[in-house]
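So that the names make sense, note that chain A is the first sequence line, chain B the second, and so on, each numbered from 1. This one's a predicted model, so the numbers in the text were calculated from it and none came from an experiment.
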Protein chains: 2
Amino acid sequence: MMFDGRSWRKEARQGMSGIADVAKLAGVSKSTASRALTGAGYVSDATRLRVVAAAAELDYVASTNAVSLATGRTQNIGVIMPYVTRWFFAEVLEGIHDALLQRDLDLTLYDARPGTQGRARIFEQFLARQRFDGLIAVGLEPSDHELERLLAIDRPVVGVVGEGGATSVVAIDDDNVSRRATEHLIGLGHRRIAFVGGGTGDFWSFVDQQRLQGYLETMATAGLSAYAEHAPSPVDLPGGYAAAVDLLAGVRDRPSAIVATCDEVAIGTIVAARRLGIRVPADLSVIGIDNHEYAEMFSLTTLAQQPREQGAAAVELLVEHIRDPGLPPTRLLLQARLMMRSSTAPPPGAGSAAYLDSELGDVL
Amino acid sequence: MMFDGRSWRKEARQGMSGIADVAKLAGVSKSTASRALTGAGYVSDATRLRVVAAAAELDYVASTNAVSLATGRTQNIGVIMPYVTRWFFAEVLEGIHDALLQRDLDLTLYDARPGTQGRARIFEQFLARQRFDGLIAVGLEPSDHELERLLAIDRPVVGVVGEGGATSVVAIDDDNVSRRATEHLIGLGHRRIAFVGGGTGDFWSFVDQQRLQGYLETMATAGLSAYAEHAPSPVDLPGGYAAAVDLLAGVRDRPSAIVATCDEVAIGTIVAARRLGIRVPADLSVIGIDNHEYAEMFSLTTLAQQPREQGAAAVELLVEHIRDPGLPPTRLLLQARLMMRSSTAPPPGAGSAAYLDSELGDVL
DNA sequence: TTGAAAGCGATACCAG
DNA sequence: CTGGTATCGCTTTCAA
């Protein structure tokens, strides 16, 4: 006895034609149609053409669910990140998105803001669904428990920013980057150099820790530890602004230069300085890390990283891991480039005595 | 003859247990297990408990692909927007994301930047796949052809920002919003009021057109058409900065107040003014639209909209449309609220003659 | 209240 | 090179 299973959902793919329709129109079997369309297996050129024509004729689009079920591949990549509103993350996201688009892969977004209930749900429920062939984790900094959940999913994971360990990672060398920023300032003749940024209490991100570390070590190496000073702040523009006001306002012997943990903080610092009547770079040098979209407008000297490229590289890496699950974890380190603009200069009383940073030569 | 179809992909769901395993462990049939887990159909409490326990025991997670294939529901929502890096869009995205998370729905992101090849691919290929039960289009402003593709997909669509027409929309009344901004300035005694922002050539967004329109009409109504002036600029901070420099630098009889098309442009304007030695609000009043995260830091008076709420509302609307496909299109207009800060004041020579905007009363 | 079996729409094996 | 058929893992009908 025939049972019409369609009855309970006759509207589901209403109008959509399936591969059976294509096969019928082309006068071949479903198998052949499938082979012709996917390119897997032998099909004569003649029939392929007929099938392709039929598919076009019918506006055939394969049901991804059916394909996924049959192949075990979702053609979808998960992206999980702690912020989508911050510049770096949004840029990485776009880089990932564009790279995926080119490979015909979809992107499912998980916005896992630290400390939120949503984040917990993502780790407990959403990731377990494994609606993706692989996952890109951007600056995630998972807790031990979260990491465990992450490794429990049976799909390759690639990180952007951070250490990696068991998974592949693309990042810049954060320690080295703040070192170069600091050295640039020292090279200009500054001694009293402060570091602005990094967490306030709860969320001290790994990246910021590394950058502070690089700064401190560089100061120590230069024998400038006594001048080292750290003004913590939320890692955004208003945060940098507030921290800079605290650091600079009404103080007589303030630092002559500042290393900011990122451009947002650096720009906040510049805005604060201007408001306080402190001239940049005449009275105060500021260097950032990022090359934010606003950097040029504020003439900010910075170490440029390319988040879009990092996103694209992560996609490449992930795709390789999906193709070959046996691949060992890689650590891809991208270089940051010093962008000389005019927020840094020799310190106030330095005159011509200041010597130029070696890297400056590359630019001039 | 038995054929073991698993051979070609024995690793696919390795370790994952299916509903068959759950059923076996609970000592029931797959059907019963399914009913117990999904809550559809009759199951005795006793067996339900056993099934649920078995599922927990095995860490059972339903294969979304199989579920989708069987039910025709993907449990996934598509979000398409022209930018993910701009404040408003990123905020809406977070609002949508969080609302979806609560409803156990996934989010697939389509970043359709105007004029890019990727955008074309999204419309031609990705949307056609219909990997979602519904779509939210944020400030998309589709071309005729794009709109056609959009309507061709057999799924409900909800817009955020814009007109809507055939689809439901949540938005603020852009025309009215710039009217109120302009009236606020006029109320303070300003006459020479310029409008900054809006497209440069190619992309004149609908929203910006409406806001410019509202400004022009308000000026006309107040008999101030002669003073009206429009400085077009890219709709971002550097764009506002550049436009403001052009508008204000080295001019003797410059405007005493500016309506910016959004806060990013307004802030760019403030930064430019400060750099030029023009005091805000003493010499120049600036009002924006948005209540951007930086607005407070720049003491920006603005008409606050709540993008997160708009995103959440869009989700709500969309879910209703999915539940009941017959529902007629709705247009949900949210109110913007005037946030008085200190970037606006009576014009330079006004003294006590300036009268206060009626809306000011609400705040004081 | 439960179970058996027919789909959902594709892919991939095997035989021809 | 092509076609028949058994899956992928789940839901839903229908009969018991």
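- Around CD of A:Glu124, the count of heavy atoms belonging to other residues, nucleotides or ligands within 6.0 Å exceeds 12.
- Environment of CD in A:Gln102: sparse, with no more than 12 heavy atoms of neighbouring residues, nucleotides or ligands closer than 6.0 Å.
- For the pair A:Ile19 CD1 and D:dT5 C1', the computed distance is 15 Å after rounding to whole Å.
- With sequence neighbours left out, A:Ser29 forms a side-chain hydrogen bond (donor to acceptor under 3.5 Å, both in side chains) with A:Thr32.
- Phosphate contact (OP1/OP2 of D:dC10, side-chain N/O of B:Tyr60, threshold under 4.0 Å): present.
- When each of B:Asn65 and B:Thr32 is assigned the nucleotide of DNA chain D bearing its nearest heavy atom, the one mapping closer to the 5' terminus is B:Asn65.
- Using a cutoff of 4.0 Å between basic side-chain nitrogens and carboxylate oxygens, B:Asp106 and B:Arg131 are not scored as salt-bridged.
- Distance CD (B:Gln130) to P (C:dA10): 12 Å, rounded to an integer number of Å.
- Counting distance only, with no hydrogens placed and no angle test, the side-chain atoms of A:Ser31 and the base atoms of D:dG4 include a donor-acceptor pair under 3.5 Å.
- Distance, A:Arg129 CZ to D:dG9 P: 18 Å, rounded to whole Å.
- Two residues are said to be in side-chain contact when any heavy atoms from C-beta on lie closer than 4.5 Å; B:Leu127 and B:Phe132 meet this criterion.
- A straight line from NZ of B:Lys24 to C1' of D:dC10 spans 16 Å, rounded to a whole angstrom.
- Taking the nucleotide of DNA chain D with the nearest heavy atom to each of B:Ser34 and A:Gly27, the more 5' of the two is matched to A:Gly27.
- Minimum atom distance to the side chain of B:Ser44 is reached by C:dT2, of the listed C:dT11, C:dG7, C:dT2.
- Computed from coordinates, the B:Lys30 NZ to D:dC10 C1' distance equals 7 Å when rounded to whole Å.
- Atom CD in B:Gln75 sits roughly 13 Å away from atom C1' in D:dC10 (whole-Å rounding).
- In the set C:dA10, D:dG3, D:dT11, D:dT11 carries the atom at the smallest distance from any side-chain atom of B:Thr71.
- Phosphate contact (OP1/OP2 of C:dT2, side-chain N/O of B:Thr47, threshold under 4.0 Å): present.
- Checking side-chain atoms of B:His97 against main-chain N and O of A:Asp111 turns up a donor-acceptor pair under 3.5 Å.
- The distance from atom CG of A:Leu69 to atom P of C:dG7 is 17 Å, rounded to the nearest whole Å.
- Judged by closest nucleotide on DNA chain C, B:Ser29 is the one of B:Ala66 and B:Ser29 placed further toward the 5' end.
- Distance A:Arg48 CZ to D:dT2 C1': 13 Å, rounded to the nearest Å.
- In the helix from C:dT1-D:dA16 to C:dG16-D:dC1, the terminal helix axes, each the rotation mapping four pairs' C1' atoms onto the next four within five end pairs, subtend 40°, rounded to 10°.
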Where do B:Leu109 and A:Leu93 land on the side-chain contact (heavy atoms from CB on, under 4.5 Å) test, with the steps shown first?
CA-CA 10 Å; B:Leu109 180 67; A:Leu93 181 57; 3.8 Å; yes
